[in-house]
**Q** 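Right, I'll just put the structure down here and ask away after.
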Amino acid sequence: MTENRRIAEILRNGKPEESVKIQGWVRTKRELKGFAFMEVNDGSYLANLQVVLEPKLPNYEQLLKHLNVGASVEVTGVLAESQGKGQQIEMKASLVKIYGEANPETYPLQKKRHSFEFLRTIGHLRSRTNTLGAVFRVRNACSSAIHQFFRERGFLWIHTPIITTSDCEGAGELFTVTSLDPTASNQQDYSQDFFGSPAYLTVSGQLEAEAMAMAFRDVYTFGPTFRAENSNTSRHLAEFWMVEPEMAFCDLGGDMDLAEAFLKYVFSFVLETCPEDMEFFNKRMDQSVLATADNIINNEFERISYTDAIALLEKTNRKFQYPVEWGLDLQSEHERYLSQDYFQKPVIVTDYPTGIKAFYMRLNDDAKTVAAMDVLAPKIGEIIGGAQREERLDVLERRMHEAGMPADDLWWYLDLRRYGTVPHAGFGLGFERLVQFMTGMDNIRDVIPFPRTPLNAEF
RNA sequence: UCCUCAGUAGCUCAGCGGUAGAGCGGUCGGCUGUUAACCGAUUAGUCGCAGGUUCGAAUCCUGCCUGAGGAGCCA
């Protein structure tokens, strides 16, 4: 039996004279008078394996007719040093089996560049392109890197619920979960509903992660998150994946250290695992991709307090559309100025005014600011948002009251402060934003296989 | 949700008052090593939808739908 091998492995280690068998999809075919070339891709590698088809193949004429772009094939043959330029090794086919044809008159992927907008309309096929293929290999590497990073540090991966009954984690709009018939008359009677109360898709696993951190010290979540906001931008999704570490016995400084070490680790891991894909992005998508990665890995992140950031923004000559004033939130243009123009690297902004941050963030001694931190990345803005959590029961109760939060629903969250409370901190990282940042892809819809955005949940 | 721009052949676009055009793709033919192959021929369209103005609308006007960029919200 001839060994069935991945194309990535053949392109890296294949030697002339070896008998091999591959399986994959035809990316392109070039017919000449005496013979033909076809390139096959199996998703394992950016480059294709060039296969030489000679007339002595059984059914040569018929085969050429049916070996169209998109067809699925199994090729048996022998590796050989390539006579042409462009690749070291190629395969001389002795047997070609076609699993499924792809009619060239209707198959939407052509041997040419397609716009990402068009590719989004064929979400089921677009992963067969060079760029999306590279994106999803990098996405996968990021995912592995994240688990490996936390495992090395003794964090437990915890699975927080996707369905939640608390709607008070943030002001964000939630998707309702119900088993009631929307046309029935009892539609609003939640006592008749599956959970006996209103239920939603989670907007964050943080509160549950805090509970688990109070048992295991260091934990993280990595799972889907849902926001029903009508956001139409290149960096928002209605369904996205979020990474949320939570550490007991940890303050804001430790939180920032973790965030920085985390990003450095993931970038290093991906550069090592997917060098060809990263070079591809650097060449074709954004020529600062490799420089950015290098910058992340080798330079310390800038750390600046909100108060100092405001002072810096007030001093600059740059004209901003929105006002800069202590107490107001930083606008996109301000964040972009800080990370992209002024520091030209990720910036961690800390200690925001109480009024613009969530109730659970720890009140600083000045009583005007909270121990929050945002990591701002060039181009995409906020990639991480985190904080030291308020561990003092009385302060937390007061802040919830001021924020108009119903304490009844979060009785268990307050219990964590009643019984064995400890200083703790954590952050949330938008996984797709990380992949976007890493690959230089302009639109977040192109770094998740099947994006969900307003008016779009196809595939 | 707001602002701006755009929807013309399978794809990318040109045409901007006189009833449709290019490149790529597809098809057919040629080419003994190609690699976004090349050369020749050929194929291809309710000009987003619905109204209106006009002798005449892809072109002007109104509404709607869809997409993109930016903003807000955030990760």
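Throughout, protein chains are lettered first and strands after them, A, B, ... in sequence-line order, and every chain is numbered starting at 1.
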**Q** Does B:G17 pair with anything, Watson-Crick or G-U wobble, both distances under 3.5 Å, and if so, with which nucleotide?
**A** none
**Q** Considering every strand and a 4.0 Å limit on heavy-atom distances, what is the contact class for A:N48: base, sugar-phosphate, or nothing?
**A** nothing
**Q** Do A:Q83 and B:G33 share a donor-acceptor pair, side chain to base, under 3.5 Å?
**A** yes
**Q** Measure the shortest side-chain to side-chain distance between A:V138 and A:M278 over non-hydrogen atoms and say whether it is less than 4.5 angstrom.
**A** yes
**Q** Within the 4.0 Å heavy-atom criterion, would you say A:Q50 contacts the bases, only the backbone, or no part of the nucleic acid?
**A** base
**Q** Check whether the side chain of A:E229 and the base of B:G72 form a donor-acceptor pair under 3.5 Å.
**A** no
**Q** Give A:I383 one of three labels, base, sugar-phosphate or nothing, depending on what nucleic acid heavy atoms sit under 4.0 Å from its own.
**A** sugar-phosphate
**Q** Out of curiosity, A:M242 CE to A:F222 CZ, how far, rounded to the nearest 0.5 Å?
**A** 11.5 Å
**Q** Using atom C1' of each nucleotide, how far apart are B:A58 and B:A9 to the nearest Å?
**A** 14 Å
**Q** Is the phosphate of B:A71, meaning OP1 or OP2, less than 4.0 Å from a side-chain N or O of A:R235?
**A** yes
**Q** Can you tell me the pairing partner of B:C74 across any strand shown, Watson-Crick or G-U wobble, with both distances under 3.5 angstrom?
**A** none
**Q** Any side-chain N or O of A:S234 below 4.0 angstrom from OP1/OP2 of B:G70?
**A** yes
**Q** Parallel, tilted or perpendicular: which describes the rings of A:Y413 and A:F359, with under 30° parallel and over 60° perpendicular?
**A** perpendicular
**Q** For A:H114, which contact category applies under a 4.0 Å heavy-atom criterion: base, sugar-phosphate, or nothing?
**A** sugar-phosphate
**Q** Assign A:F35 to base, sugar-phosphate, or nothing according to its heavy-atom contacts below 4.0 angstrom with the strands shown.
**A** base
**Q** Using Watson-Crick or G-U wobble geometry with both distances under 3.5 Å, which nucleotide pairs with B:C60?
**A** B:G52
**Q** Any donor-acceptor pair under 3.5 Å joining the side chain of A:E54 to the base of B:G33?
**A** no
**Q** Does B:C47 pair with anything, Watson-Crick or G-U wobble, both distances under 3.5 Å, and if so, with which nucleotide?
**A** none
**Q** Any side-chain N or O of A:R30 less than 4.0 Å from the OP1 or OP2 oxygen of B:A36?
**A** no
**Q** With heavy atoms under 4.0 Å as the rule, sort A:Q436 into base, sugar-phosphate or nothing.
**A** nothing
**Q** With a 3.5 angstrom cut-off on both distances, give the Watson-Crick or G-U wobble partner of B:C38, or none if there isn't one.
**A** B:G30
**Q** Does A:R126 offer a backbone N or O that forms a donor-acceptor pair with the side chain of A:H114 under 3.5 Å?
**A** no
**Q** For B:C11 versus B:U54, give the span between their P atoms, rounded off to a whole number of Å.
**A** 36 Å
**Q** Does the side chain of A:R336 get closer than 4.0 angstrom to OP1 or OP2 of B:A71 through an N or O atom?
**A** yes
**Q** Just to be sure I understand the rule, does A:Y322 reach a base, reach only the sugar-phosphate, or reach nothing, if contact means heavy atoms closer than 4.0 Å?
**A** sugar-phosphate
**Q** Taking only side-chain N and O atoms of A:K33, does any of them lie within less than 4.0 angstrom of OP1 or OP2 on B:C31?
**A** yes
**Q** Taking N and O atoms by type only, does the side chain of A:S231 place a donor or acceptor under 3.5 Å from a partner on the base of B:C74?
**A** no
**Q** Is there a side-chain contact between A:L263 and A:L429, using heavy atoms and a 4.5 Å cut-off?
**A** yes
**Q** So, is A:R445 close to the B:G69 phosphate, meaning a side-chain N or O under 4.0 Å from OP1 or OP2?
**A** yes
**Q** Both distances under 3.5 Å, Watson-Crick or G-U wobble: report the partner of B:A68, or none.
**A** B:U4
**Q** For A:E432, is there an ion pair with A:R139 - N to carboxylate O distance below 4.0 angstrom?
**A** yes
**Q** Check A:R153, A:E260, A:Q148 against A:Y265 for a side-chain hydrogen bond (donor to acceptor under 3.5 Å, both in side chains) and give me the one that passes.
**A** A:Q148
**Q** Ring stacking, A:F37 with base of B:G33, under 5.5 Å and under 30°?
**A** no
**Q** Both A:K29 and A:V52 contact RNA chain B. Which one's nearest nucleotide lies toward the 5' end?
**A** A:V52
